[in-house]
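Chain naming here is simple, since letters A, B, ... match the order of the sequence lines and numbering starts at 1 in each. The figures that follow rest on heavy atoms only: side chains count, while hydrogens, waters and symmetry mates do not.
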Amino acid sequence: MIEVEDLAKHFGAVRALDGVSLSVAAGEVVCLIGPSGSGKSTLLRCINFLEEPTSGVVRVGGRRVGWHDHDGHARRASARELARTRAEIGMVFQHFYLWPHMVALENVIEGLVTVKGLSVGAAAAKGRALLEKVGLADKMEVYPEHLSGGQRQRVAIARALAMEPRVMLFDEPTSSLDPELVGEVLRVMEQVARDGMTMLVATHEMGFARKAADRVMFLDHGKIVETGTPDEIFGRPRHERLRRFLDTVLV
Amino acid sequence: MHLDFGVAWKFLPILLTASLMTIALFVLSQVLGTVAAFFLALARMSPRGWLRRPAIAYIWVVRGTPLLLHLFFVYYAAPAFGLTLDAFPAAIIAMSASAAAYNAEIIRAGLQAVHRGQLEAAYAVGMRYDQVVRRIVLPQAVRIVIPPYMGNAISHCKNSSLASVITVPELMLTAQMIYSSTYRAIEILTVTGVIYLVLTSCLSALQMYLERATAYERRGLGGARRRRLRLDAPLPSMPA
């Protein structure tokens with residue numbers, strides 16, 4: 001469902017991504033772990049072209065992101081084509097980025113109305129069901145600033161789910177939450193995973209990776225150092241760098 | 001000193017009629033200047049140099065030279081380009097051009113105050129640039145921009161008095177004509193000042209109204225929005 005080939009992203013002299021290749025099968029949950037600055041966020045941001053890769057190819061659902069393949073020739077995708085591709089890729093951000101001038105329900109249905117052209121009424125019915133599913137039935141008409149971090153992130157997940165994306169990218173979704181709010185967000189993510197969503201999750205929550213991931217990838221200095229099942233990564237790490245990383249996070 | 005406000009009273013209808021011209025000058029140039037300013041601000045923020053550089057140059061020149069000069073320039077320079085303008089359209093052009101330069105920077109400040117992450121979240125659900133601007137950036141920017149924008153509008157309203165120098169029969173020119181024939185400068189200027197004060201007070205009141213109307217998080221949802229969102233309908237319970 002997600003295919004990444006030899007992806008590189010340079011910021012000046014810094015190689016944030018240095019030749020990353022991976023693939024995520026439909027329905028698979030893959031967790032990206034690694035130290036801060038290892039390239040996890042950049043990788044996710046390149047997959048939906050919020051960041052333009054320096055080189056390499058990204059495909060989601062067989063379609064190339066940011067480029068239009070035509071008879072073996074590739075040209076840059078138009079703004080319209082890129083928007084259409086992004087609508088199929090859900091993204092959840094570390095800092096939520098809910099739109100503060102809209103209540104929770106309006107945040108969830110904004111894409112349905114503006115991008116998919118649904119009527120507000122039809123979109124609202126769907127949005128209400130989604131907010132109920134993430135446990136926020138009583139917060140539909142609350143503005144983001146009156147929600148806790150955990151509630152905001154659950155609204156953000158509902159907002160991404162509303163578009164019925166083919167894949168979901170999570171960029172450290174619990175890293176800016178108070179510890180006691182992490183659980184409610186992880187439970188929603190586990191529910192999304194059980195529903196069969198293809199997920200690529202950058203996270204520092206090793207408990208979540210161990211429990212929910214089909215595969216775990218360890219990134220360091222812009223490269224995938226090791227890939228394996230949670231048992232392999234956490235139980236029998238092969239690389240010294242991964243062992244040292246796990247020692248620092250699993251205290 | 002002997003004051004005779006009877007003179008001012010007698011000429012009040014003429015002053016009020018002239019203030020309609022002041023209002024026309026202000027409203028028309030403010031609206032044109034704001035529309036132009038919006039596109040100027042977008043150009044000013046563009047990553048494309050051929051859009052950004054002319055916008056920077058325009059703002060630099062127009063903001064850096066007096067409106068009085070622009071008025072003379074448009075009025076007296078137009079015939080050299082084979083175009084004879086009446087005083088009123090010349091004033092509208094000069095005042096709109098000036099308002100555009102100032103408002104562009106105010107609008108830019110508002111647009112840039114919206115966090116980049118908000119835009120990324122909008123792009124991530126599949127919105128295009130124009131949708132992001134319309135649905136995400138503008139509603140938030142409008143609110144941020146109200147105090148500086150209205151402050152500038154008040155200045156602009158008063159600056160319409162400069163159009164008197166190119167013979168637009170607005171409030172200031174009319175006042176000058178009245179007191180130069182009646183020699184009642186104090187009375188006429190006092191009444192004229194009160195009329196300007198009423199006009200600018202309306203703008204201050206409008207500002208307060210707009211600030212209240214856009215304080216969304218304190219106001220909550222209105223009835224129309226609640227109905228559109230069908231918030232009062234029973235919850236469709238999820239199948240287990």
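- Other residues, nucleotides and ligands contribute only 12 or fewer heavy atoms inside 6.0 Å of the CZ atom of A:R15.
- Atom-to-atom distance recorded for B:Y123:OH and A:N48:CG is 12.5 Å, nearest 0.5 angstrom.
- The local environment of CZ in B:R48 is sparse, with at most 12 non-hydrogen atoms from other residues, nucleotides or ligands closer than 6.0 Å.
- Among A:A79, A:A156, A:G121, A:P144, the residue with the largest count of heavy-atom pairs under 4.5 Å with chain B is A:G121.
- The environment of B:F73 atom CZ is sparse: at most 12 non-hydrogen atoms of other residues, nucleotides or ligands sit within 6.0 angstrom.
- Residue A:L82 does not touch chain B at all, counting heavy-atom pairs closer than 4.5 Å.
- The minimum heavy-atom distance linking B:R135 with A:T114 is given by the pair NE-OG1, 3.5 Å.
- For the side-chain hydrogen bond (donor to acceptor under 3.5 Å, both in side chains) test, residues two or more places apart in sequence or in another chain that qualify with A:E28 are A:R215.
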Given side-chain contact (heavy atoms from CB on, under 4.5 Å), test A:R45 with B:E120 step by step and report yes or no.
CA-CA 10 Å; A:R45 294 167 58 80; B:E120 290 186 347; 2.7 Å; yes
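- A 6.0 Å sphere centred on CZ of A:F11 holds more than 12 heavy atoms belonging to other residues, nucleotides or ligands.
- A:H101 is not listed as a side-chain neighbour of B:L138, based on a closest heavy-atom distance of 4.5 Å or more.
- Of residues 95-119 of chain B, those residues lying under 4.5 Å from chain A by any heavy-atom pair are B:H115, B:R116, B:G117, B:Q118.
- Under the ring-ring contact (aromatic ring centres under 6.0 Å, His included) criterion, no residue pair touches residues 39-68 of chain B, with sequence neighbours excluded.
- Among residues 124-131 of chain B, the residues having any heavy atom closer than 4.5 Å to a heavy atom of chain A are, in sequence order, B:A124, B:V125, B:G126, B:M127, B:R128, B:Q131.
- The two residues B:I136 and A:M102 have their closest heavy-atom pair at CD1-CE, 3.9 Å.
- For A:L105, the part sitting under 4.5 Å from any heavy atom of chain B is the side chain, from C-beta outward, and nothing else.
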